[in-house]
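The model shown is predicted, which means the values in this text are computed figures rather than measured ones. Hydrogens, waters and symmetry mates play no part in the numbers below; they use all other heavy atoms, side chains included. Lettering follows sequence order; numbering is per chain, from 1.
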Amino acid sequence: MVDFMEKEYYIIFPNVENGLKLNELLKDKKIPATIVPAPREATKCCGISLLIKNKSDIQLVKEYIADNDVEILDIFETIDKRDPMRNKFC
Amino acid sequence: MEVKSKMSDYREMWKNLGMNLELHDQLCQVLPEAFGDVYLTQDNRPESMDYYNFVVSEIHGVRPAELIEHQKKGGKVFGTFCVYVPDEIVFAADAIATGLCGGSQFWVSGGEKVLPANTCPLIKASVGARLDRTCPFFRIADMYVGETTCDGKKKAWEILSEDVPMHIMDIPQMKRPKDIDAWADEIKIFMDKVEEFTGNKITPEKLSAAIKLINDKRRALERLYAFRKYENLPISGKDVLVISQIAFYDDPARFTLMTNKLCDELEKRVKNNISVFPAGTKRIMLTGTPLAVPNWKLHHIVETSGAAVVVEEMCTGTRYFENLVDETKDTIEGQINALADRYMKINCACFTPNDGRIKDILRLAKEYDVDGIIDVNLKFCGLYDTEGYKVEKAVKEAGIPVLGIETDYTDQDAEQLRTRIGAFVEMLGNKQYI
């Protein structure tokens, strides 16, 4: 199923500092990334992750992570399951 | 942006705060999905919303960690529930004022253990968040500051005060000159309490700086709201709502900086005629009771029903930032009177009469060029519900279509609200009022 749908990627970090550091780096390089709450399937921690929506960017993102000593816990691959007509509230 | 926390796994911090980790984890489970569905499904959001995404993602992490750091240095934290409590006094004593939890159904059942079921969800959620130990802000605050804006709150304070030191501010019920004087007295009593509790003297210089600090936050929010007056809306109502909600928790100076940064981006959007809604989208004002974080229900339904929320005449809206405190006073007495004057301009339904609120609604309808008004009140809020009669009558007389809604934090009425709001938006025709 996943193969036929649009993939997206959440970068999971051990701490806020590394998340913000990568976000700044990607902004400088004009690579679209959005700070979002880390999805529960990816981590049990309440905290930030970076959402990368373009599959074509992910290789470059990995290189920036390695070249700039950004500490990450995981790159979580999933599909966009968001429901814009959500009728459930938290 | 400068943040002082480096943690991402906050479980140790929450454990040290005596929180119920298992129960709190249930909230952590639902927030990412809800935020994703409500916020990340929007097209063309401003890039600077990243900061507020960050704050929501870390809502029980970064800011609580900063508050704990402040306490480690000997500082105090005051938790507040109402826009009538003057934050300026707290910050002038080198303490921090913060909002507390109260916007989720998750906390309501905890409140119902001690409160009647027919209490408004905001109060039930606040008490539940404290008693169930699932809100770090409630665990951190050294003192809660309550007020007498409604009967439900007054009795809730008595329950909360069994657990934590509370100071209650007696809000007048009318707005005669003697009531404004009485509110100035209340602010003075609060100042004495804050000085005693923190051990810090409030000088005119310190109070002046705190007045400027909070006024700057108001100016930033006013600037933000002004972008919603344009025909092309550069930002959604949902996004402004979450910013207004965050204003209650965030470091005020940082919040002002980041909100002005967002406004710089919106200024460019306005120049380029960028709108996040299709041309002709109907413009809605929400008026009524506050929408505490993470209560995004009404905005989400409205903005996925072919309309845009362009202004909120609410405590999480214009009541929070309109009117500045006079910054020219240089004595404590003059400053307290200036504070009393500004805060008594907030038109809450706890006052009688409260015609000022109706004037505000009619003024805002013109300023923001609204097509329709939704008067939305939390269930069991007798004050706002009763005042709805006069509000709806006045706006109908002005020729503005109005829909009255009573709701809570549950999902049960979501489909029904979607149908009602969808039909309301559908019937909004050309504006007939001047």
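- Of the listed residues V30(B), T304(B), V38(B), the one with more heavy-atom pairs under 4.5 angstrom with chain A than any other is T304(B).
- A distance of 9.5 Å separates SG in C46(A) from CD in Q29(B), rounded to the nearest 0.5 Å.
- Residue F35(B) comes nearest to P37(A) through the heavy atom pair CD2-CD, 3.5 Å, listed as atom of the first residue, atom of the second, then distance.
- Using a 4.5 Å cut-off between heavy atoms, H60(B) does not touch chain A at all.
- Looking at every heavy atom in both residues, Y409(B) comes nearest to F89(A) through O-CB, 4.5 Å.
- Only the side chain of I301(B) comes within less than 4.5 Å of a heavy atom in chain A; its backbone stays farther off.
- Atom CD of Q412(B) has 12 or fewer neighbouring heavy atoms from other residues, nucleotides or ligands inside a 6.0 Å radius.
- Residue P84(A) touches chain B through both its backbone and its side chain, counting heavy-atom pairs closer than 4.5 Å.
- Contact annotation: the side chain of P32(B) never approaches that of Y10(A) to less than 4.5 Å [non-hydrogen atoms, C-beta and beyond].
- Contact annotation: the side chain of F54(B) approaches that of L20(A) to within less than 4.5 Å [non-hydrogen atoms, C-beta and beyond].
- Formation of a donor-acceptor pair under 3.5 Å by the N87(A) side chain with backbone atoms of A414(B) is not found in this model.
- Look at E33(B) and R86(A) and you find a salt bridge, because one of the NZ, NE, NH1 or NH2 atoms lies within 4.0 Å of a carboxylate O, short of that distance.
- Around CD of E426(B), the count of heavy atoms belonging to other residues, nucleotides or ligands within 6.0 Å does not exceed 12.
- With a threshold of 4.5 angstrom between heavy atoms, W107(B) does not approach chain A through any atom at all.
- At a threshold of 4.0 Å, the pair D37(B)-K88(A) does not count as salt-bridged, since none of the basic side-chain nitrogens sits closer than that to a carboxylate oxygen.
- For E63(A), the CD atom counts as densely surrounded, since its 6.0 Å shell holds more than 12 non-hydrogen atoms of other residues, nucleotides or ligands.
- Ionic pairing of R40(A) and D25(B) is present here: one or more N-O contacts between side-chain nitrogen and carboxylate oxygen are shorter than 4.0 angstrom.
- Around NZ of K261(B), the count of heavy atoms belonging to other residues, nucleotides or ligands within 6.0 Å does not exceed 12.
- Atom NZ of K27(A) has more than 12 heavy atoms from other residues, nucleotides or ligands within 6.0 Å.
- Not a single donor-acceptor pair under 3.5 Å links the side chain of D50(B) to the backbone N or O of T34(A).
- With respect to chain A, the highest number of heavy-atom pairs below 4.5 Å among V56(B), L40(B), T410(B), N295(B) belongs to L40(B).
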